[in-house]
Amino acid sequence: MADPKGFLTTGREVAETRPAAERVKDWNEVYVPGSLLPIISKQAGRCMDCGIPFCHNGCPLGNLIPEWNDYAYREDWTAASERLHATNNFPEFTGRLCPAPCESACVLGINQPAVTIKNVEVSIIDKAWGNGDVTPQPPERLSGKTVAVIGSGPAGLAAAQQLTRAGHTVAVFERADRIGGLLRYGIPEFKMEKSHINRRIEQMRAEGTKFRTEVEIGRDIDAAGLRRRYDAVVIAAGATVSRDLPVPGRELNGVHFAMEYLPLANKVQEGDLTVSPISAEGKHVVVIGGGDTGADCVGTAHRQGALSVTQLEIMPRPGEERNTNQPWPTFPMLYKVTSAHEEGGERVYSVSTTHFEGDEDGNVQALHLVEVEFKDGRPTPKPGTERRIPAQLVTLAMGFTGTDRSNGLVQQFGVELDERGNVARDADFATNVDGVFVAGDAGRGQSLIVWAIAEGRSAARGVDRYLTGASALPAPISPTDRALAV
């Protein structure tokens, strides 16, 4: 145990953020560089080394949280990094982007603020990179088997790294111009600087993984050709079809999916564009959707110089404490203030958009909404609550409905879909097509980054067993596993 009295003597402290007025002027990560290291050992000492560490259950990767908390408390950063990497290929991604279901399941969280597991995680990995503890791990020998991975998001990258280290020759195909999937173009720079992706890609290259960008399977290469060339295929194409809002005025200029808006802002930061073709500068911005993607749009709009930013959510505002119907250790629906919300804007709950209003040139100028109340689980408009708000840019951030079928990938492979429109798979993450596997949101549906990495690792075991007859690779989850819920 790290500090037997740590949870009694030390209060919870989290990473310090830069002042909002300062950080909206740049695209750097919002946290004060180096602010965690002076406090993180004591924070790790708050871990109680529980007899049954429910944080393991909260995390689909099965991260060995009490173990690396103990090493972090003792400032043995090399051992902490080894324990962290034992279950997670990319802790610098999850430490920045995961909503930390492990903290919701922390036993200390029953009656005190939970251990800052996410902050400890990111401190360990950043220290490991700084100390040179993160090095390539090429295989000792090659199997002679080849694997194609379609998609370079967290699931695809995790599967590719595991299979490369197992000795297979792996090529990752990405339709965008850079590797990273939604990590690259869906996550704003202020949440995770892309240098973290770049150095992981270089590690994977040194281990032997091959990367092919601007190649879309289904269009540039057909499925049959890919199957002839590779012994196994992993579909990790994500759930990239955005949920639409079919209301009058949807066709107006200035109404965009979040994933049309966010990638362009990232391309500016990559140096590909001088100015984003879809910019919030000087505009009243409305973001429809109250989740993390919506918050990313809010923060992006602030940095582009929006006149105002309003975020709409059809659900009621969550409470700031656990509801009795969401008991520990389940992941509760709580009112969350992200760094983007700290920077300004208005959040409006229990409202539904009725239609968009445009000008004579076909540009959106306003949004009409109505308050709703839920009856029998369905939102019902409240008479007399209609109102109009100005909007020259609207982003739709209402989630995703499944993997892309317009490029022919699903049809060409002939994979079956489940009742929710995801690619169906068996216990080994194999589809109905011999040698074709699926990992990540393409098979699970829209989910969290930590689940995507767990899926990639688990699918890699299925592929390895298919290719060699047995596998020593870990499989932290099964395809049917779900988050702790009531």
Side-chain angles (χ1 to χ4, degrees), residues 2-3 6-7 9-20 22-23 26-49 55 58-59 61 63-85 87-104 106 108-109 112-134 183 187-197 199-200 292 295 299 336-343 449-450:
D3 181 354
F7 67 96
T9 60
T10 303
R12 177 181 168 105
E13 288 186 79
V14 297
E16 181 184 356
T17 55
R18 296 184 291 132
E22 170 193 317
R23 65 183 189 243
D26 62 48
W27 292 82
N28 300 329
E29 289 185 6
V30 301
Y31 298 103
V32 175
S35 64
L36 270 177
L37 207 55
I39 67 170
I40 208 63
S41 291
K42 281 195 171 184
Q43 289 302 303
R46 297 182 70 236
C47 178
M48 301 189 297
D49 194 18
C55 54
C59 175
L61 284 167
N63 280 335
L64 306 172
I65 295 164
E67 295 183 34
W68 41 258
N69 272 331
D70 181 71
Y71 286 123
Y73 171 73
R74 303 175 192 283
E75 299 189 8
D76 187 345
W77 301 110
T78 299
S81 173
E82 185 278 325
R83 289 287 79 194
L84 191 55
H85 282 101
T87 57
N88 188 350
N89 297 70
F90 314 117
E92 65 270 43
F93 301 167
T94 53
R96 286 172 168 83
L97 304 176
C98 182
C102 53
E103 293 188 18
S104 298
C106 173
L108 184 58
Q112 289 191 43
V115 175
T116 55
I117 298 170
K118 182 176 172 180
N119 280 182
V120 176
E121 177 182 24
V122 79
S123 299
I124 293 170
I125 185 56
D126 285 354
K127 190 72 173 177
W129 278 107
N131 290 346
D133 290 332
V134 185
L183 293 171
I187 302 297
E189 194 85 1
F190 59 82
K191 282 183 67 174
M192 186 179 75
E193 295 173 9
K194 301 307 174 275
S195 58
H196 300 297
I197 303 174
R199 62 187 179 186
R200 274 297 175 185
D292 287 340
K336 183 168 67 172
V337 179
T338 70
S339 64
H341 298 129
E342 293 172 347
E343 294 159 4
I449 181 174
V450 69

Item to check | Test log, rule salt bridge (charged side-chain N to carboxylate O under 4.0 Å, His left out), inputs Arg96 and Asp126 | outcome: CA-CA 11 Å; Arg96 286 172 168 83; Asp126 285 354; 3.0 Å; yes
Checklist entry - Backbone N or O of Asn69 within a donor-acceptor pair of the Arg83 side chain at under 3.5 Å? => result no
Checklist entry - So Asn63 and Asn88, side-chain contact (heavy atoms from CB on, under 4.5 Å) or not? Walk me through it. => result CA-CA 7 Å; Asn63 280 335; Asn88 188 350; 3.7 Å; yes
Next on the checklist: Main chain of Thr116, side chain of Lys118: is a donor-acceptor contact present, judged purely on distance under 3.5 Å?
Outcome noted: no
Checklist entry - Which atoms form the tightest heavy-atom contact between Trp68 and Ala80, and what is the distance? => result CB-O, 3.8 Å
Next on the checklist: Under the criterion side-chain contact (heavy atoms from CB on, under 4.5 Å), I'd like the reasoning laid out for Val134 against Ile125: C-alpha separation, chi angles, the key distance, then a yes or no.
Outcome noted: CA-CA 8 Å; Val134 185; Ile125 185 56; 3.9 Å; yes
Checklist entry - Stepwise, does the side-chain contact (heavy atoms from CB on, under 4.5 Å) test hold for Glu13 with Asn119? => result CA-CA 9 Å; Glu13 288 186 79; Asn119 280 182; over 6 Å; no
Checklist entry - Within a strict 4.5 Å, meaning less than it, do heavy atoms of the Ile124 and Tyr71 side chains meet? => result no
Item to check | Intermediate values then yes/no, salt bridge (charged side-chain N to carboxylate O under 4.0 Å, His left out), Arg23 and Glu343 | outcome: CA-CA 9 Å; Arg23 65 183 189 243; Glu343 294 159 4; 2.7 Å; yes
Checklist outcome for this item: So side-chain hydrogen bond (donor to acceptor under 3.5 Å, both in side chains) across residues 35-47, not counting sequence neighbours, yields Ser41-Glu75
Checklist entry - Considering all heavy atoms of both residues, which atom of Glu22 and which atom of Asp26 are nearest to each other, and what is their separation? => result O-OD2, 3.9 Å
Item to check | Minimum heavy-atom distance between Ile40 and Ser123, given as atom pair plus value | outcome: CG1-OG, 3.4 Å
Checklist entry - Looking at residues at least two apart in the chain, or sitting in another chain, which of them share a ring-ring contact (aromatic ring centres under 6.0 Å, His included) with Phe90? => result Phe93
Item to check | Side-chain touch Thr338/Lys191, heavy atoms, less than 4.5 angstrom | outcome: no
Checklist entry - Is there side-chain contact between Arg200 and Trp129, with at least one heavy-atom pair below 4.5 Å? => result yes
Next on the checklist: Are the side chains of Cys55 and Ile117 in contact, using a 4.5 Å heavy-atom criterion?
Outcome noted: yes
Checklist entry - Tell me, do Leu183 and His196 make a side-chain contact under 4.5 Å, heavy atoms counted? => result no
Item to check | Heavy-atom side-chain proximity of Pro91 to Ser81 below 4.5 angstrom | outcome: no
Checklist entry - If you look at every heavy atom in Ala15 and Tyr31, which pair is closest and at what distance? => result CB-CD2, 3.5 Å
Checklist outcome for this item: Of all heavy-atom pairs linking Cys102 and Cys59, the shortest is CB-CB, 4.4 Å
Next on the checklist: So which atom in Lys194 and which in Ile187 form the shortest heavy-atom distance, rounded to 0.1 Å?
Outcome noted: NZ-O, 2.7 Å
Checklist entry - Any side-chain heavy atom of Asn28 within less than 4.5 Å of one from Arg18? => result yes
